Amino acid sequence: MGYSVHSMNLITLLQDRLRLALTGLVDDPSPYAAMLKAANDPKHGDYQANCAMSLAKALGKKPPEVAKEIVARLPQDDLFEKVEIAGPGFINLRFRTEWLAAQMQAIALGDRLGITPAVKPKTYVIDFSGPNVAKPLHVGHLRSTIIGDSLCRLLRFLGHKVIGDNHLGDWGLQFGMLLHGYKHHRDDAALQGDPVRELARVYVMLRKKIKPAEDVEDEPANAKNYPPDELAESQAVLAACRQETSKLHAGDPENLKLWKQFMPWAMAEIEAIYKRLDVKFDETLGESHYHSMLADVVRDLRAKGIAQESRGAIAILFGENQPAAIIQSSHGAYTYTTTDLATIRYRVERWNPDEILYVVDFRQALHFQHVYDAARRWGYDQPKYHHVSFGSVLDPKSRKPFKTSEGGAATLEELLNEAVQHAAKMYVQICEERRQRGDEIPELSPGELKQVHEAVGIGAVKYADLCQNRESDYVFSLEKMTSLEGNTATYMQNAYVRNRGIFRKGDENSELYRTHPPPVLLGQPKERALALQLLRFEDALQSAVVDYRPNNVTAYLWDLAKSYSGFYEECPVLKAETPALRQSRLLLCDLTARTIQKGLELLGIRTIERM
RNA sequence: GCCCCCGUAGCUCAGCUGGAUAGAGCAGCGGAUUUCUAAUCCGCCGGUCGCAGGUUCGAAUCCUGCCGGGGGUACCA
């Protein structure tokens with residue numbers, strides 16, 4: 001049968017058909033062709049087109065008539081098995097099963113699972129992670145890092161040029177605090193032994209000291225909460241830290257030298273975590289990188305009339321009763337708005353990106369509005385700017401965002417350790433259960449075991465984060481995320497392992513199914529459903545990318561796992577009735593495994609061959 | 001005060017460019033299964049989609065108001 005491979009993007013494929021059918025009926029068919037979705041009930045076919053209803057009024061006809069007309073205009077070929085008009089005018093489309101089978105064979109070739117790279121690749125700069133390097137990473141940094149990394153992977157896989165940039169907080173007050181702390185509170189012995197830890201200690205100590213002063217600056221009425229002498233000392237320390245920061249910014253040799261000394265210490269710790277998380281950046285250009293450009297940015301913005309003097313500071317105004325954005329304080333200091341604008345200029349000049357994504361906490365929404373608005377007025381209006389905002393990670397006890405700066409809340413490292421330990425504990429428990437049942441347990445070397453626990457533990461944390469809609473807050477629960485049940489990384493990793501087990505047990509070389517894919521038979525409903533689900537992979541990736549929502553990938557994988565599970569229950573693979581059926585099912589298994597593996601990879605989650 | 005976001009099953013959350021009876025997971029209840037295995041499967045129970053209006057063939061989804069929660073709101077980032 002000579003089915004050609006069109007595009008593995010089912011939605012695009014169908015929309016193209018619909019657009020053809022609609023041409024001549026309406027002036028602009030695209031919005032109507034877009035009214036297409038996967039049917040939520042198999043009774044309604046595979047996909048449903050919903051345009052007839054809304055088109056009816058414009059054409060002055062009844063919806064079923066319009067639907068009939070559209071169906072008559074659909075290209076006549078072998079794509080559909082059935083096209084039905086139902087209800088108030090839905091057009092239900094069902095693919096020919098033979099066509100699905102042919103696609104299976106086609107996408108098995110090559111390593112892209114049928115997904116073709118973007119025809120018009122775009123350039124993306126993705127600004128993510130951006131930790132404050134003076135303090136240890138904590139749960140709050142998790143989301144930006146994980147979501148940003150996943151978006152990099154997804155866009156890159158779809159053929160775009162991606163620059164992942166870690167915009168470090170390496171130049172602000174936090175370093176003034178370290179400088180002050182180093183000069184007045186350091187413990188030389190501790191510094192010799194473990195400089196990273198000693199710096200962290202000093203930082204936490206100063207954070208505490210400064211808090212009253214900051215509280216009172218926020219809200220003068222808070223003054224009554226503190227004893228006057230404690231408050232006075234706090235204010236003095238804060239002033240001293242600011243002084244150190246200013247000196248650093250002014251190029252004071254001693255402070256600059258210390259800064260250069262502190263940086264590698266601080267970075268070593270952060271990089272260890274990135275390595276463990278398997279997160280890489282193309283650039284790590286922190287705030288310090290832009291420092292020398294800030295004066296010029298302010299000058300240029302003033303010269304162009306975008307910024308002006310206001311209440312003693314240099315500010316960009318956004319209309320009456322709107323808060324302004326300060327780009328230079330009345331003391332002469334630059335702000336993060338200034339740095340972000342300098343960063344935009346740098347990025348545009350260096351990469352000329354089509355889009356710049358900021359994977360940052362939702363609380364900074366107003367700041368980014370200011371920055372985008374200012375950047376456009378400044379002339380940098382060609383890139384699209386997106387604040388890929390996300391909600392907070394909530395402490396299950398307090399139901400409030402995790403706080404670390406003041407208290408002893410978990411650092412990210414502790415959290416990851418806990419997750420990995422939990423994975424190890426689960427492993428022992430499950431092995432025990434299996435031993436009691438008399439099952440064979442794979443002999444894994446200690447090294448292999450460690451890899452497995454790491455992949456499972458870290459994967460669990462990542463997946464739990466990514467499978468949430470990023471905009472909503474979520475309650476952090478180690479129990480839930482490392483569970484074997486439900487939509488978790490462990491479940492998906494195990495689905496993969498179990499699938500690989502079939503090939504081992506059947507002594508089958510999966511490589512053969514990729515170079516010489518056998519014909520596929522989809523006689524059973526579960527086989528057909530699995531094939532259809534496999535073909536939806538590209539739709540899932542596209543939907544994840546257009547809204548910057550990796551949870552569309554996890555949702556897809558979960559559906560795939562369920563389709564596979566149904567198939568697995570009803571369709572024996574190694575014991576299939578005929579050799580041809582066995583071959584066909586092995587191909588479906590292999591495609592499933594590869595899709596799971598690729599999907600997880602695009603989320604930054606590792607698969608393992610055995611668990 | 002002003003601006004933004006959120007309010008969906010007992011719990012945790014999807015769904016929100018309007019579409020057919022509102023979906024998962026966990027918890028609860030009832031069956032099937034002892035395996036191609038670190039995941040059993042199927043069914044049931046459970047919802048005035050915060051409240052009230054409006055738009056229309058059709059609203060969890062769009063608009064307005066209200067209630068409740070969170071966040072932001074000029075010299076921190």
Side-chain angles (χ1 to χ4, degrees), chain A residues 31 34-35 37 39-41 43-44 48 50 53-54 56-57 63 86-90 92 130 132 169 172-174 214 217-218 242 245 287 310-317 321-333 335-337 339-340 360-367 369 389 391-392 400-401 423 426-427 429-431 433-434 437 439-442 452 456 467-469 471-475 477 479-480 483-488 490-495 497-499 501-506 551 554-555 558-559 561-562 565-566 568-570 572-575 589 610-611:
Chain A
M35 294 176 191
K37 53 174 273 184
N40 39 19
D41 188 328
K43 278 186 213 130
H44 300 142
Q48 53 176 274
N50 299 336
M53 281 89 81
S54 35
K57 189 183 277 177
F90 297 105
N92 295 335
N132 176 340
L173 179 66
Q174 69 274 23
E214 285 185 330
E217 280 184 11
D218 265 8
R242 282 180 177 156
T245 313
E287 291 167 352
S310 173
R311 300 187 208 172
I314 311 298
I316 300 170
L317 305 180
N321 299 327
Q322 299 278 12
I326 304 289
I327 57 168
Q328 187 170 16
S329 80
S330 46
H331 315 297
T335 69
Y336 71 143
T337 306
T339 309
D340 277 352
V360 181
D361 196 325
F362 73 104
R363 281 178 290 236
Q364 295 196 32
L366 180 61
H367 164 68
Q369 264 179 40
S389 77
S392 311
K400 291 193 170 158
M426 292 296 291
Y427 179 79
Q429 196 181 317
I430 287 161
C431 279
E433 283 167 18
R434 296 176 67 200
R437 282 201 307 263
D439 288 350
E440 238 179 87
I441 292 158
V452 168
V456 172
C467 80
Q468 303 280 325
N469 178 332
E471 314 236 49
S472 45
D473 296 347
Y474 76 95
V475 178
S477 159
E479 288 295 313
K480 192 180 149 191
S483 169
L484 293 170
E485 283 156 357
N487 190 4
T488 65
T490 319
Y491 181 96
M492 297 307 309
Q493 285 167 325
N494 190 45
V497 164
R498 202 164 140 176
N499 184 313
I502 295 174
F503 284 81
R504 265 198 305 279
K505 178 148 187 168
N551 69 313
T554 60
W558 175 239
D559 285 339
K562 281 190 287 191
S565 195
Y568 183 85
E569 286 290 318
E570 288 190 16
V573 178
L574 295 176
K575 295 171 195 157
C589 284
R610 296 195 302 171
M611 290 169 81

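This one's a predicted model, so the numbers in the text were calculated from it and none came from an experiment.
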**Prompt:** How far, in whole Å, is B:C62 from B:C16 if one measures between their P atoms?
**Reply:** 10 Å

Verdict with reasoning, A:Asn40 to A:Gln48, per side chain to side chain contact (heavy atoms under 4.5 Å, CB included) | CA-CA 9 Å; A:Asn40 39 19; A:Gln48 53 176 274; 4.1 Å; yes

task = With heavy atoms under 4.0 Å as the rule, sort A:Tyr474 into base, sugar-phosphate or nothing.
result = sugar-phosphate

Look at all strands and tell whether A:Val573 reaches a base, only sugar-phosphate, or nothing, counting heavy atoms closer than 4.0 Å.
-> base

Rounded to whole Å, the CE-C1' distance (A:Met426 to B:A38) equals 8 Å

Separation of B:C3 atom C1' from A:Arg363 atom CZ, nearest Å, is 17 Å

Among B:C75, B:U21, B:C13, the one nearest any side-chain atom of A:Val475 is B:C13

It should be established whether A:Asn499 places a side-chain nitrogen or oxygen under 4.0 Å from OP1 or OP2 of nucleotide B:C36.
no

Think A:Ser565 has a side-chain N or O under 4.0 angstrom from the OP1 or OP2 of B:C41?
yes

In whole angstroms, the gap separating C1' of B:C57 from CZ of A:Phe90 amounts to 11 Å

* Asked: Is the phosphate of B:G15, meaning OP1 or OP2, less than 4.0 Å from a side-chain N or O of A:Asn551?
  -> yes

Students often get this wrong, so: under 4.0 angstrom with heavy atoms, is A:Ser310 touching a base, only sugar-phosphate, or nothing? base

pair_partner(B:G65), Watson-Crick or wobble, both distances < 3.5 Å, evaluates to B:C51

On RNA chain B, more 5' by nearest nucleotide between A:Ser330 and A:Gln468 is A:Gln468

Notebook entry, point to check: Has the side chain of A:Ser472 got a donor or acceptor atom sitting under 3.5 Å from an opposite partner on the base of B:A14?
Noted result: no

Separation of B:C75 atom P from A:Arg242 atom CZ, nearest Å, is 10 Å

Contacts of A:Ala495 and A:Asp473 projected onto RNA chain B by closest heavy atom; the upstream (5') one is A:Asp473

Which of B:C41, B:A20, B:U12 is nearest the side chain of A:Tyr491? It is B:C41

From the candidates B:U73, B:C36, B:G19, the one with an atom nearest any side-chain atom of A:Leu366 is B:U73

When rounded to the nearest 0.5 Å, the distance separating OG1 of A:Thr488 from CD of A:Gln493 is 8.0 Å

Exercise. Base, sugar-phosphate alone, or nothing: which one does A:Val497 contact when heavy atoms must sit under 4.0 Å apart?
Worked result: sugar-phosphate

Centroid-to-centroid, A:Tyr336 to A:His367, below 6.0 Å?
yes

Taking B:A38, B:U73, B:A20 as options, the one with an atom nearest any side-chain atom of A:His44 is B:A20

Closest of B:C75, B:G19, B:C57 to the A:Gln48 side chain is B:G19

Against the side chain of A:Glu287, the closest entry in B:G19, B:A38, B:A77 is B:A77

Scan A:Ala34 against the nucleic acid and name what it touches under 4.0 Å (heavy atoms): base, sugar-phosphate only, or nothing. nothing

Q. Taking only N and O in the side chain of A:Asn50, is any of them less than 4.0 Å away from OP1 or OP2 of B:G18?
A. no

Here the gap from A:Leu173 atom CG to A:Arg242 atom CZ, rounded to the nearest 0.5 Å, amounts to 6.5 Å

Ignoring hydrogens and geometry, is there a side-chain-to-backbone donor-acceptor pair from A:Asn50 to A:Met35 under 3.5 Å?
-> no

One should read off an interatomic distance between A:Ile430 CD1 and A:Met611 CE, to the nearest 0.5 angstrom, of 8.0 Å

Please give the distance between the P atoms of B:U64 and B:G23 as a whole number of Å. 29 Å

Problem set entry | Pairwise P distance for B:U12 and B:C66, with rounding to whole Å | 28 Å

Counting the atoms with a prime plus P, OP1 and OP2 as sugar-phosphate, which does A:Ala555 contact under 4.0 Å by heavy atoms, base, sugar-phosphate, or nothing? nothing

Value for CG (A:Asn469) from CG (A:Asn551), rounded to nearest 0.5 Å, stands at 5.0 Å

Between the CD1 atom in A:Ile316 and the CD1 atom in A:Ile327, the distance rounded to the nearest 0.5 Å is 5.0 Å

Out of B:C75, B:C57, B:U40, minimum distance to the side chain of A:Glu569 belongs to B:U40

Check: So, does the side chain of A:Asp559 form a donor-acceptor pair with the base of B:A24 at under 3.5 Å?
Finding: no

Next item on the list: Indicate yes or no for a side-chain donor-acceptor contact from A:Asp473 to the backbone of A:Gly391 under 3.5 Å, with no hydrogens or angles considered.
Entry: no

Separation of B:C36 atom P from A:Leu574 atom CG, nearest Å, is 9 Å

### Task
Using the P atom as the reference point in each nucleotide, state the distance between B:C13 and B:C6 in Å, no decimals.
15 Å

Rounded to whole Å, the CD-C1' distance (A:Glu471 to B:U8) equals 17 Å

If the P atom of B:U48 is compared with that of B:G72, how far apart are they to the nearest Å?
34 Å

Ranking B:A14, B:A20, B:C75 by distance to the side chain of A:Arg311, first place goes to B:C75

Quick note, A:Tyr427 side chain, CB onward, closest among B:U21, B:A38, B:C36 is B:A38

_Taking donor-acceptor contacts at under 3.5 Å, does the side chain of A:Gln493 reach the base of B:A38?_
no

Answer for the Watson-Crick or wobble partner of B:G43, both distances under 3.5 Å, is B:C29

Practice task
Determine the Euclidean distance between corresponding C1' atoms of B:A14 and B:C49; express it in Å to zero decimal places.
Solution key: 13 Å

Regarding the side chain of A:Tyr336, the nearest nucleotide among B:A77, B:C36, B:G19 is B:A77

| task | Using the P atoms only, state how far B:G46 lies from B:G10, rounded to an integer number of Å. | result | 11 Å

Across every strand shown, the nucleotide meeting Watson-Crick or G-U wobble geometry with B:A9 (both distances under 3.5 Å) is none

Checklist entry - Does A:Gln174 reach the main-chain N or O of A:Asn132 with its side chain, forming a donor-acceptor pair under 3.5 Å? => result no

A:Ile326 atom CD1 is separated from B:A77 atom P, nearest whole Å, by 11 Å

Paired to B:U34 by Watson-Crick or G-U wobble criteria (both distances under 3.5 Å) is none

From CD of A:Glu570 across to C1' of B:U40 the rounded distance in Å is 13 Å

Applying a 4.0 Å non-hydrogen cut-off, can you work out what A:Asn321 is touching in the nucleic acid: base, sugar-phosphate, or nothing? nothing

By the Watson-Crick or G-U definition, both distances under 3.5 Å, B:G1 is matched with B:U73

Determine the interatomic distance between P on B:U73 and the same-named atom on B:G18; round to the nearest Å. 33 Å

